Amino acid sequence: MKAKQLAIVLTPLLLSHWDSVDAPDFALFNGDPKSLYDKVANPQRIIVLAPGPPQ
């Protein structure tokens, strides 16, 4: 496997809540991180950050 491919497969995916957005022309989307586990290569790299202010 090439280094770039390996980096993509091993890089952690940080999922964070970006608050509410005032954008009425945005299409609705599912913000449930559990829906990503079957769509991501190496789902163990998904890291879900809790919503709220940083500690």
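Since we're looking at a predicted model, the values are computed, not measured. Every heavy atom of this structure was used, including side-chain atoms; hydrogens, water molecules and symmetry mates were not.
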**Q.** Euclidean distance, L13 CG relative to I47 CD1, rounded to 0.5 Å
**A.**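 I47 CD1 to L13 CG: 8.0 Å, rounded to 0.5 Å.
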Q. Could you state the interatomic distance from CD1 (I46) to NZ (K34), rounded to the nearest 0.5 Å?
A.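 Spacing of CD1 (I46) from NZ (K34) equals 12.5 Å.
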Q: Identify the heavy atoms of R45 and T11 that sit nearest to each other, and give their distance.
A: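 Nearest heavy atoms, R45 then T11: NH1-O, 2.8 Å.
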Q: Report yes if some heavy atom in the side chain of L36 is under 4.5 Å from a heavy atom in the side chain of L15; otherwise report no.
A: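 Yes - at least one pair of side-chain heavy atoms lies under 4.5 Å apart.
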